[in-house]
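Written out below as structure tokens is the structure these notes cover.
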Amino acid sequence: EIGVRLVGSEMCIRDSITTLLLFMSLGLFSQQQVAYSAAWPAEWTIDQNTSALELVLELQKAAENSDYITARSLFHSDFTAILSDGSPLNGLDEMDAAFKDFINNYKIRIRPLTWIPLKDKATDQRWVLLWTYEEFVASDGSSQQLAAHEMFRIENGKIIYLSQWQRPLK
């Protein structure tokens with residue numbers, strides 16, 4: 001964790017500024033002579049086509065609305081993921097087992113902090129990086145709050161890959 005721990009809008013501002021500065025500096029610093037070479041591909045740019053971003057944000061809304069049918073429809077049949085605990089998830093059947101009851105039975109609140117739609121010009125792949133605060137409330141009233149970062153790859157208008165990182169806020 002970088003800097004002091006802030007809460008609320010101050011945390012949102014710090015996270016957003018940090019993210020924007022990071023991506024603004026990628027091109028600048030990846031050209032400098034230093035001990036390592038940046039792994040960031042030079043062919044990646046901010047994606048001006050918003051369709052991938054809209055798809056990812058539609059997924060967030062479907063989860064908030066406890067609408068698993070809509071959420072599932074946004075995923076490619078060959079979908080794979082690395083979940084926040086490091087476990088792999090392969091295919092829609094595994095996604096159903098992992099998320100259907102959760103999305104349908106929890107009250108989910110997602111507050112996107114920032115997002116970055118990217119395009120790899122060399123491969124024509126579209127990616128969306130998303131940072132959020134999330135709260136999950138069970139039917140018994142217990143809740144969990146998380147800071148999350150997710151990385152989505154979009155193919156043919158569907159989410160084909162997801163990688164998650166999460167940490168508890170409380």
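Scope of the values below: all heavy atoms of this structure, side chains included, with no hydrogens, waters or symmetry mates.
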Checklist entry - Atom CH2 in W115, atom CH2 in W131: separation rounded to 0.5 Å? => result 12.0 Å
Checklist entry - Which of these passes side-chain contact (heavy atoms from CB on, under 4.5 Å) with V128: L53, T50, I159? => result L53
Next on the checklist: If I compare all heavy atoms of Y106 with all of S66, which pair ends up nearest, and what's the gap?
Outcome noted: O-OG, 3.4 Å
Checklist outcome for this item: To the nearest 0.5 Å, atom CZ of R153 lies from atom CD of Q125 at 4.5 Å
Next on the checklist: Contact between F152 and L55 at the side-chain level, heavy atoms closer than 4.5 Å - yes or no?
Outcome noted: no
Next on the checklist: Just verifying a value: how many Å separate M151 CE and I116 CD1, rounded to the nearest 0.5 Å?
Outcome noted: 12.5 Å
Next on the checklist: Are L169 and L130 linked, directly or through intermediate hydrophobic residues, by side-chain heavy-atom contacts shorter than 4.5 Å (ILVMFWY only)?
Outcome noted: no
Checklist entry - Does one hydrophobic cluster hold both L146 and W165, with members joined at side-chain heavy-atom distances below 4.5 Å? => result no
Item to check | Backbone N/O of E43 and side chain of K119: donor-acceptor pair under 3.5 Å | outcome: no
Next on the checklist: Determine whether D101 and Y68 satisfy the following criterion, side chain to side chain donor-acceptor pair (under 3.5 Å), listing intermediate values before the conclusion.
Outcome noted: CA-CA 9 Å; D101 288 340; Y68 186 75; over 6 Å; no
Checklist entry - Can you check whether L118 reaches I46 side chain to side chain, under 4.5 Å on heavy atoms? => result yes
Checklist entry - Distance from I110 atom CD1 to L57 atom CG, nearest 0.5 Å? => result 10.0 Å
Checklist entry - Between E135 (side chain) and R109 (backbone), is there a donor-acceptor pair under 3.5 Å? => result no
Next on the checklist: If we check side-chain contact (heavy atoms from CB on, under 4.5 Å) with F79, which of these qualifies: M95, R72, E155, E94?
Outcome noted: M95
Checklist outcome for this item: Rounded to the nearest 0.5 Å, the CZ atom of R126 sits from the CD1 atom of I154 at a distance of 10.0 Å
Checklist entry - L92 and S77: which non-hydrogen atoms are nearest, and at how many Å? => result CD1-CA, 3.9 Å
Checklist entry - Judged by atom type as modelled, is there a donor-acceptor pair below 3.5 Å linking the side chain of H149 to the main-chain atoms of Q166? => result no
Next on the checklist: Rounded at 0.5 Å granularity, tell me how far CZ in R167 sits from OG in S84.
Outcome noted: 13.0 Å
Next on the checklist: Quick check: closest heavy atoms across A71 and A62, and the distance to 0.1 Å?
Outcome noted: N-CB, 3.8 Å
Checklist entry - Mind checking whether F102 and F136 have parallel, tilted or perpendicular rings, split at 30° and 60°? => result perpendicular
Item to check | Carboxylate-amine/guanidinium proximity below 4.0 Å for K61 and E64 | outcome: yes
Checklist entry - Do W127 and L113 belong to the same hydrophobic cluster, where Ile, Leu, Val, Met, Phe, Trp and Tyr are linked whenever their side-chain heavy atoms lie under 4.5 Å apart, directly or via other members? => result yes
